[in-house]
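The next block holds one structure in the form of structure tokens; read it before the comments.
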There are 2 protein chains.
Amino acid sequence: MKFNQITPEILAAFEAIVGSANLITARHVEADVYAGYGRDHTEDLHFAPDVVLKPGSTEEVSQIMRLCHEHHIPVTARGAGTGLSGGALPIHNGLVLSMERFNKIIQIDERNLQATVEPGVVTEAFQNAVKEVGLFYPPDPASKGSCFLGGNLSQSSGGPKAVKYGTTKDYVLNLQVVLPTGEVIWTGANTLKNATGYNLTQLMVGSEGTLGIITRVVFRLLPYPQQNILMLVPFRQEAQAAEAVSAVFRAGIIPSGMEFMEREAIAWSSNYLNIPLTLPEDITAHLLIELDGQDLDQLYKEAEQVYAVLETYDVGEILLADTAAQKDDLWRIRRNIGNSVRYNSVYKEEDTVVPRAELPTLLKGVKEIGARYGFKSVCYGHAGDGNLHVNIIRGELDDEMWNVGLRQPISEIFELCVKLGGTISGEHGIGLVQKPFISIALKEANLNLMRGIKQVFDPHGILNPGKIF
Amino acid sequence: MKFNQITPEILAAFEAIVGSANLITARHVEADVYAGYGRDHTEDLHFAPDVVLKPGSTEEVSQIMRLCHEHHIPVTARGAGTGLSGGALPIHNGLVLSMERFNKIIQIDERNLQATVEPGVVTEAFQNAVKEVGLFYPPDPASKGSCFLGGNLSQSSGGPKAVKYGTTKDYVLNLQVVLPTGEVIWTGANTLKNATGYNLTQLMVGSEGTLGIITRVVFRLLPYPQQNILMLVPFRQEAQAAEAVSAVFRAGIIPSGMEFMEREAIAWSSNYLNIPLTLPEDITAHLLIELDGQDLDQLYKEAEQVYAVLETYDVGEILLADTAAQKDDLWRIRRNIGNSVRYNSVYKEEDTVVPRAELPTLLKGVKEIGARYGFKSVCYGHAGDGNLHVNIIRGELDDEMWNVGLRQPISEIFELCVKLGGTISGEHGIGLVQKPFISIALKEANLNLMRGIKQVFDPHGILNPGKIF
């Protein structure tokens with residue numbers, strides 16, 4: 001694709017659309033503020049946009065897109081910048097479209113258990129707002145306190161509750177989308193069922209900002225589960241922790257959380273947060289298991305069944321969280337593993353996913369590959385979904401190995417995922433950093449279909465160019 | 001699109017691929033058997049195929065598609081022929097690809113709660129097979145005893161359990177698809193989460209056989225809910241029955257079934273099945289409410305909460321089904337409404353869907369439109385999803401009104417659905433019979449995207465031509 005520069009005339013047109021307060025270039029703000037628009041939470045990448053616009057309405061986004069389509073100017077939509085695959089980075093420069101002003105919860109429809117929101121609402125703020133009226137929006141990525149719903153949609157984000165409740169994609173009913181040409185559509189209807197033409201809604205979800213700009217979302221909601229039980233289960237053998245995951249499901253229990261943490265993951269995070277945690281020497285891994293529902297007696301019955309399953313493994317003393325504060329601590333430890341790894345070392349995170357019973361094989365394979373290539377990894381993740389975050393630790397690796405040499409072992413990890421029936425990203429997306437590995441997961445025929453779809457939506461290829469494929 | 005005839009040479013090539021036993025033309029079988037391949041369960045439509053093939057493997061389908069792609073021959077895939085929108089009818093003649101030999105359950109993976117099946121497996125047979133090992137495949141269209149899983153995928157079928165468990169689309173993890181060019185792909189991975197490129201899996205689901213031929217499916221499964229409670233709730237006012245639906249959800253209960261039946265729907269069906277049912281004169285509608293789970297005590301608690309909600313309405317005596325036989329009778333009555341309507345009268349069925357709290361408004365609107373245009377309707381359906389099947393009864397309507405005049409009131413019903421946030425098909429698909437109404441639900445920009453996607457998958461337009469748009 002050949003793109004054009006933003007001329008002074010086009011810049012003036014942008015300013016006329018969004019107003020001068022909502023147009024930023026390197027000249028308008030301090031260098032580090034501006035640089036922030038070219039970064040996300042992915043390793044150490046930076047690409048400077050030529051201009052940042054903060055539109056305030058669908059109509060403004062439409063006008064901007066029309067102009068960019070006409071002049072072949074790259075447009076990269078940006079949410080909160082918490083992505084882990086470089087998906088929101090403007091690698092061809094051009095325009096960054098910051099959706100931060102789309103921050104309104106438009107309606108919480110208690111009659112229909114639905115809500116209409118803008119994509120710049122922070123995920124946790126939305127969860128809290130619906131909880132206030134007894135409703136539940138389950139998707140909860142680790143960054144829920146800062147990430148935007150729009151970013152969650154772009155990357156098909158999950159989180160710990162996905163094991164019982166599904167991911168972001170399972171809560172979207174309808175999307176308002178500005179197409180690259182400036183046309184505005186709704187992708188579906190505000191209904192739980194829809195058999196009316198191709199599913200454009202699910203085509204948008206996970207498309208990483210390459211097909212259109214989401215400007216409004218209708219989510220379905222659930223009644224809020226009023227009760228929960230949380231237990232931390234220490235294992236003496238990592239492989240058994242991974243095996244126990246599948247066994248709990250086979251006993252007929254669907255936990256609302258089923259998280260796996262290697263010893264180092266939990267140790268680093270509890271140190272990082274300064275939350276004391278007893279960690280006997282022989283413990284190599286933990287499962288954090290949550291059960292939720294409307295009735296506590298019922299949950300205790302289910303917990304007994306879970307205990308019965310766990311007894312068949314070599315587990316240490318199970319910690320049953322007694323208070324809301326203790327539960328909060330345990331979840332904070334789990335959520336901050338990523339931050340603590342970042343605090344301890346430079347690292348690369350791979351978002352591997354396999355059918356859940358294959359988790360022991362994947363974990364063993366990751367360690368074996370690490371041993372062979374001489375790197376250490378800290379692994380944790382959503383074990384109930386078979387979604388294992390593999391953090392490769394920089395440690396003593398030299399620049400050559402870190403920047404080039406790791407590509408081979410990472411390929412081997414991804415090949416193992418695919419061989420086990422899985423794929424190379426469960427919830428972080430492909431973006432920029434996993435793009436070199438896409439052909440491990442997808443055949444050329446799949447990629448050709450995706451390229452064709454991209455061409456249909458975006459004939460000039462201006463939306464988030466250079467991502468996914 | 002311009003299509004070619006099947007020449008004797010091409011016919012010979014087909015025969016070489018599938019074998020003579022699996023190639024049928026009008027000369028090979030009795031006229032009514034052959035005619036069956038040109039019909040489905042939609043009203044009184046018939047279109048004769050030029051030839052019917054029954055391939056036995058993905059490789060055979062691939063060879064057939066390659067040939068048809070090269071020679072521009074229309075291909076209409078066919079499951080069990082239970083569709084209600086004419087989706088499987090070969091309206092441009094050509095080839096009907098009957099998937100009846102793809103009838104194997106390849107693997108039930110108890111470790112991963114997954115199953116790999118061929119698309120020609122009967123839905124209920126699959127449900128029973130997984131139930132034997134304690135697993136649950138929830139989607140259950142009314143025709144589950146005869147319909148194929150492949151047809152369910154094509155039409156994004158639902159059924160009564162969708163209110164709690166979602167529709168067919170929510171259980172598909174991965175699809176093997178033969179593209180119109182003959183290429184074979186898998187659309188995704190066998191994982192609960194996947195953020196690896198565009199969601200081709202969900203693009204296939206509901207695409208009504210216009211994008212590719214599904215030859216293998218990986219479904220996710222759930223632990224089988226061992227207990228259930230079923231209650232039949234009579235209402236003196238239809239509108240209150242529709243209102244109570246939403247109220248139950250707001251009380252924090254998610255029933256596993258929440259079916260609405262007008263008086264005539266339930267009366268006709270119980271007569272048709274010869275199942276005696278007390279139906280006091282003042283009762284105008286019923287809700288059939290099912291709760292399910294692993295623990296009966298828990299279900300009784302929930303049932304009490306449902307009773308508390310229902311007490312606020314003008315209901316008759318609630319029938320709590322005591323035995324498995326009684327439950328079976330009630331569900332048979334519900335499932336046979338369609339058959340009993342067909343038995344009583346020529347009819348047209350519209351598959352309307354709205355956000356669930358809008359159901360009373362939709363129902364009132366349907367009756368008002370009927371009164372204005374002089375037709376009677378029998379309404380029933382999946383109230384928990386806002387999915388109302390409107391059966392327009394032929395009665396005394398003349399040919400002109402039946403064949404032409406009804407188009408206007410049907411349009412008005414659909415326009416009302418869209419105005420209420422809904423759409424024109426919840427689970428039956430657009431196929432042939434709803435195609436004239438598609439622009440009520442979808443803007444030209446949506447349709448253009450869909451046409452573009454179709455072109456990417458099927459450049460010669462040979463797959464199920466003339467459907468949806």
Side-chain angles (χ1 to χ4, degrees), chain A residues 110-114 155-156 158 162 167 179 183 185 189-200 202-203 205-207 223 246 249-250 252 254 294-295 298 301 353-357 385-387 421-430 441-443 445-446 449-450 452-453 456-457 468, chain B residues 110-114 155-156 158 162 167 179 183 185 189-200 202-203 205-207 223 246 249-250 252 254 294-295 298 301 353-357 385-387 421-430 441-443 445-446 449-450 452-453 456-457 468:
Chain A
E110 295 176 60
R111 293 166 64 243
N112 283 304
L113 276 64
Q114 295 182 2
Q155 306 299 326
S156 198
T167 65
L179 299 176
E183 285 175 297
I185 63 167
N190 304 350
T191 54
L192 297 170
K193 285 175 172 173
N194 189 343
T196 310
Y198 301 159
N199 194 335
L200 299 182
Q202 292 302 334
L203 190 58
V205 177
S207 67
S246 180
F249 287 88
R250 273 140 68 202
I254 303 178
Q294 305 296 3
D295 188 273
Q298 173 63 16
K301 277 192 205 173
V353 63
V354 291
R356 74 167 76 90
D385 309 318
N387 186 193
T423 188
I424 70 173
S425 177
E427 56 181 16
H428 294 173
I430 299 305
L442 299 174
K443 282 174 66 171
N446 295 57
L449 291 175
M450 292 182 191
I453 291 167
V456 168
F457 278 72
I468 308 181
Chain B
E110 294 176 61
R111 292 165 66 241
N112 283 304
L113 277 65
Q114 296 182 2
Q155 306 297 327
S156 199
T167 64
L179 299 175
E183 286 174 295
I185 64 168
N190 303 350
T191 55
L192 296 169
K193 286 175 171 173
N194 189 341
T196 310
Y198 301 158
N199 194 336
L200 299 183
Q202 293 301 334
L203 190 57
V205 176
S207 67
S246 181
F249 286 87
R250 274 141 68 202
I254 304 178
Q294 305 296 4
D295 188 275
Q298 173 64 15
K301 277 193 205 172
V353 63
V354 292
R356 74 167 75 91
D385 309 316
N387 186 193
T423 188
I424 70 173
S425 177
E427 56 180 16
H428 294 173
I430 299 304
L442 299 174
K443 282 173 66 170
N446 295 57
L449 291 175
M450 293 182 191
I453 292 166
V456 167
F457 278 72
I468 309 182

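Chain letters run A, B, ... following the sequence lines, proteins first, then strands; residues in each count from 1. Note that this is a predicted model, so its numbers are computed, not measured. Every heavy atom of this structure was used, including side-chain atoms; hydrogens, water molecules and symmetry mates were not.
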Inset, instruction - Would you sort out whether A:Phe457 and A:Leu203 count as a side chain to side chain contact (heavy atoms under 4.5 Å, CB included), showing the intermediate values? - result: CA-CA 11 Å; A:Phe457 278 72; A:Leu203 190 58; 3.8 Å; yes
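- For the options B:Gly452, B:Gly421, B:Ala445, B:Gly386, heavy-atom pairs under 4.5 Å to chain A are most numerous at B:Gly421.
- For B:Ser207, the parts lying near chain A are the backbone and the side chain together; criterion is any non-hydrogen pair under 4.5 Å.
- Counting all heavy atoms, side chain and backbone alike, A:Gly252 lies closest to B:Pro223 at CA-CB, 3.5 Å.
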Inset, instruction - Could you walk me through whether B:Arg356 and B:Asp385 pass the salt bridge (charged side-chain N to carboxylate O under 4.0 Å, His left out) test, one step at a time? - result: CA-CA 6 Å; B:Arg356 74 167 75 91; B:Asp385 309 316; 5.8 Å; no
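- Contact tally against chain B (heavy-atom pairs below 4.5 Å) for A:Ser156, A:Gly197, A:Ala162: the top residue is A:Gly197.
- Contacts of B:Gln294 with chain A are made by side-chain atoms alone, with heavy-atom separations under 4.5 Å and no backbone atom involved.
- Chain B forms the most heavy-atom pairs under 4.5 Å with one residue out of A:His428, A:Gln298, A:Gln202, A:Glu110, and that residue is A:Gln298.
- Heavy atoms of B:Ile453 lying under 4.5 Å from chain A belong to its backbone as well as its side chain.
- Here A:Ile185 contributes atom CD1 and B:Leu449 contributes atom CG; the two are 5.0 Å apart, rounded to the nearest 0.5 Å.
- Only the side chain of B:Leu200 comes within less than 4.5 Å of a heavy atom of chain A; its backbone N, CA, C and O stay farther away.
- The distance from the NZ atom of B:Lys301 to the CG atom of A:Asp295 is 3.5 Å, given to the nearest 0.5 Å.
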Inset, instruction - Please report the C-alpha distance between B:Leu192 and A:Val353 in whole Å, then the side-chain angles of each, then the deciding distance to 0.1 Å, and finally whether the side chain to side chain contact (heavy atoms under 4.5 Å, CB included) criterion is met. - result: CA-CA 9 Å; B:Leu192 296 169; A:Val353 63; over 6 Å; no
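- A:Thr196 and B:Thr423 share a side-chain donor-acceptor pair at under 3.5 Å.
- For the options B:Gly426, B:Ala189, B:Ser246, heavy-atom pairs under 4.5 Å to chain A are most numerous at B:Gly426.
- For a residue to count as touching a neighbouring chain, one of its non-hydrogen atoms must lie under 4.5 Å from one of that chain's; by this rule B:Ala441 touches chain A with the side chain only.
- Between chain B and the options A:Gly429, A:Gly158, A:Gly206, the largest number of non-hydrogen pairs under 4.5 Å is found for A:Gly429.
- Looking at B:Gln114, the atoms closer than 4.5 Å to chain A (heavy atoms on both sides) all sit in the side chain, from C-beta outward.
- The parts of B:Asn194 that come within reach of chain A are both its backbone and its side chain, each placing non-hydrogen atoms under 4.5 angstrom from that chain.
- Both the backbone and the side chain of B:Ile424 have a heavy atom closer than 4.5 Å to some heavy atom of chain A.
- Only the side chain of A:Glu183 comes within contact range of chain B, with at least one heavy atom under 4.5 Å from a heavy atom of that chain.
- In this structure, chain A has a heavy atom under 4.5 Å from the side chain of B:Ile254, while its backbone stays farther away.
- Atom OG in A:Ser425 sits 8.0 Å away from atom CD in A:Gln155 (nearest 0.5 Å).
- Applying the ring pair (Phe, Tyr, Trp, His ring centres under 6.0 Å) rule to B:Tyr198 yields the partners A:Phe469; only residues at least two apart in sequence or on another chain are considered.
- Only the backbone of B:Val354 comes within contact range of chain A, with at least one heavy atom under 4.5 Å from a heavy atom of that chain.
- Interface remark: of the candidates B:Leu113, B:Asn446, B:Leu179, B:Asn446 forms the most heavy-atom pairs closer than 4.5 Å to chain A.
- Considering only heavy-atom pairs separated by less than 4.5 Å from chain B, the leading option among A:Asn112, A:Asn190, A:Asn199, A:Val456 is A:Asn112.
- With a threshold of 4.5 angstrom between heavy atoms, A:Asn387 approaches chain B through side-chain atoms but not through N, CA, C or O.
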